[in-house]
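Structure, as structure tokens:
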Number of protein chains: 2
Amino acid sequence: MDAEAIKRSLESSGLRCTPQRYAVMAFLTGQSRHPTAAEIFEAVNRVDPRSSRATIYNNLRDLVEAGLVREVAAEGRAARFDAKGTRHHHFICDRCGKVEDVDWYDVSGPAPGYLGKRTLRECELIFRGLCAKCSSRRVPPRSSS
Amino acid sequence: MDAEAIKRSLESSGLRCTPQRYAVMAFLTGQSRHPTAAEIFEAVNRVDPRSSRATIYNNLRDLVEAGLVREVAAEGRAARFDAKGTRHHHFICDRCGKVEDVDWYDVSGPAPGYLGKRTLRECELIFRGLCAKCSSRRVPPRSSS
DNA sequence: TCGATACTTTAGATTATATCTAATTTGAAA
DNA sequence: TTTCAAATTAGATATAATCTAAAGTATCGA
Ligand SMILES: [Mn+2]
Ligand SMILES: [Mn+2]
Ligand SMILES: [Zn+2]
Ligand SMILES: [Zn+2]
């Protein structure tokens with residue numbers, strides 16, 4: 001996603017393309033990891049323009065509301081964020097907690113009526129297990145052997 | 001799940017069945033909601049035995065480690081907990097954030113090789129949309145009309 | 001161009017959530 | 001009983017997120 005595309009996506013969501021907001025969005029689109037607010041804060045403040053902590057949080061809130069970014073559902077202390085580029089699922093490692101992207105495939109939704117009066121918008125899959133790195137190790141990290 | 005069953009499940013996980021630990025487990029098994037640590041704290045302290053905040057957190061940690069309780073993957077400030085009774089999926093409301101149980105059905109897992117070198121343990125399905133209550137309302141809550 | 005106005009950013013204070021510490025208490029086994 | 005690891009506790013501390021009030025900035029119409 002190039003600079004112009006980011007600018008357009010912000011403006012078509014009714015958000016001004018301020019330098020600080022752009023920086024958050026640009027950083028997120030360039031990441032396949034799932035950074036926390038603190039990590040985003042650090043990253044955008046390594047280059048101009050600098051942003052205050054409140055601005056990082058304000059912009060993340062605005063971007064999530066606008067549907068350009070999602071807050072990833074995962075356990076753990078700090079919220080993690082993800083630019084909504086191409087649809088994908090997530091793999092969460094039982095051991096190291098890393099959240100990795102997995103190519104999207106359409107999930108066989110529930111049978112009609114299964115969800116009662118609820119209105120379904122989407123089905124998201126979360127895979128759990130060991131990531132490639134953790135799979136290749138024999139011994140759990142906490143083991144003293 | 002009756003008292004004896006809870007006691008057995010704790011002990012077969014190598015955990016002492018202390019009054020405080022039992023109280024947390026008993027409360028969680030009786031809930032279809034997904035309470036936060038603060039809600040559990042409040043609930044168990046309405047009856048004896050009382051537990052300190054640290055004990056609630058200690059026991060939740062122990063129960064999650066033992067596999068008797070899971071921390072629910074959902075957005076939002078405080079972690080939510082769920083006794084692992086019968087398997088089920090979750091429906092998360094876009095609007096009010098409520099996490100509701102949905103009967104389990106087996107998810108068509110990814111094709112072999114899809115996940116590369118990762119080791120898959122389970123597929124969890126998260127449905128998103130509007131819960132029954134929010135579906136029946138016309139106007140979004142923030143609208144000023 | 002000018003002023004009005006709404007949007008945005010900011011530092012620091014505040015609140016909310018979770019963990020740590022060090023001193024007891026408890027309970028099962030010897 | 002005595003012993004000792006496990007568990008509990010109050011309060012301190014750490015971490016994450018939000019709030020506040022003041023100042024800065026873009027946009028619009030006159
Ligand atoms: Mn992702
Ligand atoms: Mn549940
Ligand atoms: Zn891993
Ligand atoms: Zn709802």
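Letters A, B, ... are given to chains in the order of the sequence lines, protein chains preceding strands, and every chain is numbered from 1.
Between F41(B) atom CZ and dA18(C) atom P the separation is 13 Å, expressed in whole Å. If you take CD of E42(B) and P of dT17(C), they are 12 Å apart, rounded to a whole angstrom. Summarising the geometry, the separation between CD on E39(B) and P on dT17(C) is reported as 10 Å, rounded to the nearest angstrom. At whole-Å resolution of the value, CG in D62(B) and P in dA18(C) are 16 Å apart. Separating the CZ atom of R50(A) from the P atom of dT10(C) is a distance of 11 Å, rounded to the nearest angstrom. Counting to the nearest Å, the P atom of dC19(D) and the CD1 atom of I56(A) are 17 Å from each other. One interatomic measurement links the two molecules: CD of E65(B) to P of dA6(D), which rounds to 13 Å at whole-angstrom precision. As rounded to whole Å, 12 Å separates atom C1' of dA28(C) from atom NZ of K7(B).
More than 12 heavy atoms of other residues, nucleotides or ligands lie within 6.0 Å of CD in E11(B), so this atom counts as buried by the packing criterion. No more than 12 heavy atoms of other residues, nucleotides or ligands lie within 6.0 Å of CD in E42(A), so this atom counts as exposed by the packing criterion.
OP1 or OP2 of dA7(D) sits under 4.0 Å from a side-chain N or O of R21(B). When the side-chain nitrogen and oxygen atoms of Q20(B) are compared with OP1 and OP2 of dT9(D), one or more of them lie within a distance under 4.0 Å. Distances shorter than 4.0 Å separate none of the side-chain N or O atoms of T18(A) from OP1 or OP2 on dT8(C). The phosphate of dC20(C) has neither OP1 nor OP2 within less than 4.0 Å of any side-chain N or O from N58(B). Under 4.0 angstrom from either OP1 or OP2 of dA18(C) there lies at least one side-chain N or O belonging to Y57(B).
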Just the atom pairs and distances: protein N or O near nucleotides 10-15 of chain D's N or O, under 3.5 Å.
{"from": "dA12(D)", "atom 1": "N6", "to": "R53(B)", "atom 2": "NH2", "distance (Å)": "3.4"}

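R61(A) comes within contact range of no nucleotide atom at all, as no heavy-atom separation falls under 4.0 Å. Residue contacts for A79(B): at a heavy-atom cut-off of 4.0 Å it reaches the sugar-phosphate backbone alone, with no base atom in range.
If L15(A) and A78(B) are placed on DNA chain C by their nearest nucleotide, the residue sitting closer to the 5' end is L15(A).
Note that NZ of K117(B) and SG of C134(A) are 14.5 Å apart. Values are rounded to the nearest 0.5 Å.
Residue R16(B) has its side chain nearest to dA6(D) when only dA6(C), dA6(D), dT10(C) are considered.
The backbone N or O of R16(B) lies less than 3.5 Å from a partner atom in the side chain of R21(B), making a donor-acceptor pair.
Minimum interatomic distance between K7(B) and C17(B) (heavy atoms only, all atoms of both residues): CG-SG, 3.9 Å.
A distance of 6.0 Å or more separates the ring centres of Y57(A) and F41(A).
Geometrically, R118(A) engages F91(B) in a cation-pi contact, judged by NZ or CZ lying under 6.0 Å from the ring centre and within 45° of the ring axis.
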